[in-house]
Amino acid sequence: MTSPLVELHDDRLEPHGVRLYLKRDDLLHRDVPGNKWRKLRHNLAAATEQGHTRLLTFGGAYSNHLRAVAAAGRTFGLTTVGVVRGEEHLPLNDSLAFATARGMHLTYLDRATYRRKTEPAVLAALVDEFGPCFVIPEGGANAHGVRGCAELPGELDVDFDVVCVACGTGTTLAGVAAGLRDGGRALGFAVLRGGFLDEDVRLLQERTFGVARTNWSVDHDFHFGGYARRTPELDEFVADFTARHAVVLDRVYEAKMMYGLLSRVRAGAFAEGTRIVAVLG
Ligand SMILES: *Cc1c(COP(=O)(O)O)cnc(C)c1O
């Protein structure tokens, strides 16, 4: 199962001699964004191998990751528990309604406890309540997730120089960079403000492969105010992109990456002849 790769013809690129391809991971799975799917694949295999029948994971109320775990659990016959940051609000929003419709049991942690969710005492209390379970970190940010994303470059059947991804936890960037052949580079666009994304990517690579790579970097200039924040300028960009290309960019991730990438191209950040793959989904 691989997603299509399509060349994008855009008159904002052509003057700079840059070629751009879209890797349509958004089409990888009907129910969940593709990169979430990539990050879960090896987690599910590990859970099954270790004899677990239940997955437990974490996310905000609008989390694509919770949706993805709920759908994946249903597909693979594993029960799922979603630990949601903050209080319960009824009726459930679309993301959480989708998760419960796929059989996910939701439980809520206040923000202070949620921040300590990786501490043994907090995890032990959850296991006490829900029984033994395979715990997947928020956003699928573990070595299994990194390994799944490292498989992406091998699916690209064109010659390319740079792969661009949007970064939340940085797991996708860590994996994609590690999966590149020599000479390839990966560029991540941060959708969150602040944080320690570069450090997180390094740590994820070290934990997964024993060593961090130096073939990637993070662009921090296009978060538009922070996670899930948007501006009229970004909305206008998305509408224009849809009109030009009939591709609807997701505002949390894809729109910020694409806006940032086109800005960098126009500013001359890429040499003439550079071939870029931008990952959607
Ligand atoms: C979750 C998500 C990302 C961010 O992935 P990380 O591995 O957490 O950095 C990027 N793009 C899309 C469409 C996503 O859903």
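Order of listing sets the numbers, starting from 1, for every ligand and every atom in it. Given the structure is predicted, the values throughout are model-derived calculations rather than measurements.
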Does ligand 1 have an atom that lies less than 4.0 angstrom from a heavy atom of Gly139?
-> no
Mark yes or no: Arg102 above the aromatic ring of Phe98, with NZ or CZ under 6.0 Å from the six-membered ring centre and no more than 45 degrees from the axis.
-> yes
Relative to Phe160, does Arg181 satisfy both conditions: NZ or CZ under 6.0 angstrom from the six-membered ring centre, and within 45 degrees of the ring's axis?
-> yes
With heavy atoms under 4.0 Å as the rule, classify the contact between [X] and ligand 1 as side chain, backbone, both or neither.
X: Thr172; result: both
X: His65; result: neither
X: Met257; result: neither
X: Val252; result: neither

Show the atoms of ligand 1 that are less than 4.0 angstrom away from any heavy atom in [X].
X: Gly168; result: 4 (C), 6 (P), 8 (O), 9 (O)
X: Asn64; result: 15 (O)
X: Lys36; result: 1 (C), 2 (C), 3 (C), 14 (C), 15 (O)
X: Lys39; result: 5 (O), 6 (P), 7 (O), 8 (O)

Do [X] side-chain atoms and [Y] backbone N/O form a donor-acceptor pair below 3.5 Å?
X: Arg207; Y: Asn142; value: no
X: Thr208; Y: Gln205; value: no
X: Tyr253; Y: Leu280; value: no

Judging by distance only, is a nitrogen or oxygen of Cys167 under 3.5 angstrom from one on ligand 1?
-> no
Is there at least one pair of N or O atoms, one from Glu254 and one from ligand 1, spaced under 3.5 Å apart?
-> no
Looking only at protein heavy atoms, which one is nearest to [atom], and what is the separation?
atom: atom 13 (C) of ligand 1; answer: Gly281 C, 3.2 Å
atom: atom 10 (C) of ligand 1; answer: Tyr253 CD2, 3.4 Å
atom: atom 8 (O) of ligand 1; answer: Thr169 OG1, 2.6 Å
atom: atom 5 (O) of ligand 1; answer: Asn35 ND2, 3.1 Å

Please work out which of the three classes, parallel, tilted or perpendicular, describes the rings of Phe76 and Trp37, given edges at 30° and 60°.
-> tilted
Aromatic rings Phe134 and His144: how do their planes relate, parallel, tilted or perpendicular, breaks at 30° and 60°?
-> tilted
Nearest heavy-atom approach of Arg229 to Phe224 is CB-O, 3.3 Å
Would you name the heavy atoms of Gly168 and Val191 that are closest together and state the gap between them?
-> CA-CG2, 4.3 Å
Testing Leu66, Val135, Val69 for side-chain contact (heavy atoms from CB on, under 4.5 Å) with Phe58, which one passes?
-> Val135
